[in-house]
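Structure, as structure tokens:
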Amino acid sequence: LAPGTTADAPDWNCIEGSYIDTDIDSGGSLDGWELEGSWNFYDDWAYLRGSYSEQSEDLDSILNDFELDILSIGVGGIWWLADTTALYGEVSYEDWSLELELFSSPDISEDDSGYRAAAGIRSVVWQGLELNAEAGMLDVGEIVDSEGFYRLGAIYTFGNGIGIGASYEEIDDFETWRATLRYAFR
């Protein structure tokens with residue numbers, strides 16, 4: 001069998017829905033949802049990935065509302081270390097939209113695009129339990145200016161392709177937790 005084709009291998013053919021909660025170091029927090037999918041298109045060696053998220057917070061201070069929407073479209077390569085473990089590298093186009101609604105002033109809106117470059121490892125360590133780690137750089141103009149990031153996560157996939165998981169990500173002043181429901185297909 002080719003690497004990545006066993007039932008216990010990390011699967012790049014999946015759709016995920018997540019509840020996301022982001023704490024901002026300067027104060028406040030956002031929550032919302034994220035939809036993500038990926039598709040392995042070249043014999044378990046390359047994949048496409050896309051995601052879209054919306055987060056917001058209604059505030060009772062000088063800010064009335066805070067919204068952050070993120071679109072990400074990328075391509076990656078997979079390097080198999082074993083049947084159940086793979087390294088990967090990925091580059092993506094990022095489109096971020098940030099909006100602040102103020103009580104007594106004009107709204108502030110910032111739309112910017114940029115890139116994300118990441119490398120990581122995914123490994124099924126025990127009967128459907130996948131652990132993953134990722135690190136990289138993100139540059140989205142004025143919103144996030146050339147910052148490093150990392151993400152740690154785990155997902156448990158049941159025999160029918162449905163999985164549940166959680167992850168933690170830190171980018172500059174943003175700390176994000178995700179609770180994820182995944183459907184993997186081959």
Side-chain angles (χ1 to χ4, degrees), residues 4 10-42 44-57 66-81 85-100 108-124 130-155 165-180 182:
D11 201 335
W12 269 265
N13 294 317
C14 61
I15 298 171
E16 297 180 351
S18 299
Y19 167 77
I20 49 180
D21 182 58
T22 300
D23 291 324
I24 304 169
D25 286 349
S26 59
S29 67
L30 304 167
D31 66 344
W33 58 272
E34 179 177 52
L35 200 61
E36 181 172 343
S38 63
W39 173 60
N40 179 332
F41 68 90
Y42 185 69
D44 281 322
W45 299 104
Y47 64 95
L48 297 174
R49 184 193 63 80
S51 67
Y52 180 76
S53 66
E54 289 185 1
Q55 298 181 72
S56 64
E57 183 67 29
F66 181 33
E67 295 180 9
L68 176 63
D69 300 340
I70 302 172
L71 172 68
S72 177
I73 300 170
V75 62
I78 306 165
W79 296 270
W80 291 96
L81 301 178
T85 303
L87 296 175
Y88 64 92
E90 179 179 302
V91 293
S92 62
Y93 165 79
E94 302 286 315
D95 184 39
W96 288 39
S97 175
L98 179 69
E99 187 171 313
L100 303 171
I108 298 172
S109 181
E110 183 77 40
D111 293 317
D112 236 326
S113 59
Y115 74 93
R116 178 179 172 275
I121 186 167
R122 293 176 60 184
S123 183
V124 177
E130 177 185 321
L131 301 179
N132 51 71
E134 178 179 272
M137 288 294 294
L138 176 70
D139 189 339
V140 187
E142 297 297 317
I143 299 174
V144 178
D145 187 20
S146 295
E147 293 294 335
F149 71 89
Y150 70 91
R151 183 175 181 174
L152 304 171
I155 193 151
S167 67
Y168 172 79
E169 180 177 38
E170 188 169 318
I171 302 171
D172 191 26
D173 293 335
F174 302 94
E175 297 176 9
T176 302
W177 288 94
R178 287 175 178 80
T180 301
R182 173 193 283 179

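Checked by atom type, the side-chain pair Ser109/Glu99 shows no donor-acceptor distance below 3.5 Å. With hydrogens and angles left out, the side-chain atoms of Arg151 and Thr176 include no donor and acceptor closer than 3.5 Å. With 3.5 Å as the limit, one finds no donor-acceptor pair spanning the side chains of Glu36 and Ser38. With 3.5 Å as the limit, one finds a donor-acceptor pair spanning the side chains of Asp111 and Ser97.
We find the OH-CD distance between Tyr19 and Gln55 to be 9.0 Å, quoted to the nearest 0.5 Å. From Leu35, atom CG reaches atom OG of Ser18 across 8.5 Å, with rounding to the nearest 0.5 Å. Considering CG of Leu138 and CD of Glu147, their distance stands at 8.5 Å, rounded to 0.5 Å. To the nearest 0.5 Å, atom CD1 of residue Ile78 and atom CD of residue Glu90 are 10.0 Å apart. The distance from the CD atom of Glu94 to the CD1 atom of Ile73 is 9.5 Å, given to the nearest 0.5 Å. Atoms CZ and CH2, on Phe41 and Trp12 in that order, are 13.0 Å from each other to the nearest 0.5 Å.
The aromatic rings of Tyr47 and Tyr88 stand perpendicular to each other, their planes meeting at an angle above 60°, with 30° marking the opposite boundary. Ring geometry for Tyr150 versus Tyr168: interplanar angle of 30 to 60°, hence tilted.
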For a side chain to side chain contact (heavy atoms under 4.5 Å, CB included) check, start with the C-alpha distance between Asp139 and Tyr115, then their side-chain angles and the critical distance, and finish with the verdict. CA-CA 6 Å; Asp139 189 339; Tyr115 74 93; 3.3 Å; yes
Start with the C-alpha gap between Ile70 and Val140, add the side-chain angles, then the distance that decides, and say whether side chain to side chain contact (heavy atoms under 4.5 Å, CB included) holds. CA-CA 10 Å; Ile70 302 172; Val140 187; over 6 Å; no
Could you walk me through whether Phe149 and Glu134 pass the side chain to side chain contact (heavy atoms under 4.5 Å, CB included) check? CA-CA 8 Å; Phe149 71 89; Glu134 178 179 272; 3.6 Å; yes
Stepwise, does the side chain to side chain contact (heavy atoms under 4.5 Å, CB included) test hold for Asp95 with Ser113? CA-CA 4 Å; Asp95 184 39; Ser113 59; 4.1 Å; yes
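In terms of heavy-atom proximity, Gly141 sits nearest to Asp112 at CA-OD2, 3.4 Å. Shortest non-hydrogen contact noted between Ser53 and Ile20 is CB-CD1, 3.8 Å.
Between the side chain of Asn13 and the backbone N or O of Asn40, at least one donor-acceptor pair lies under 3.5 Å. Under a 3.5 Å cut-off, the side chain of Asp21 and the backbone N or O of Trp177 do not form any donor-acceptor pair.
When each of Arg49, Glu34, Arg116 is tested with Ser72 by the rule side-chain hydrogen bond (donor to acceptor under 3.5 Å, both in side chains), just one qualifies, namely Arg49.
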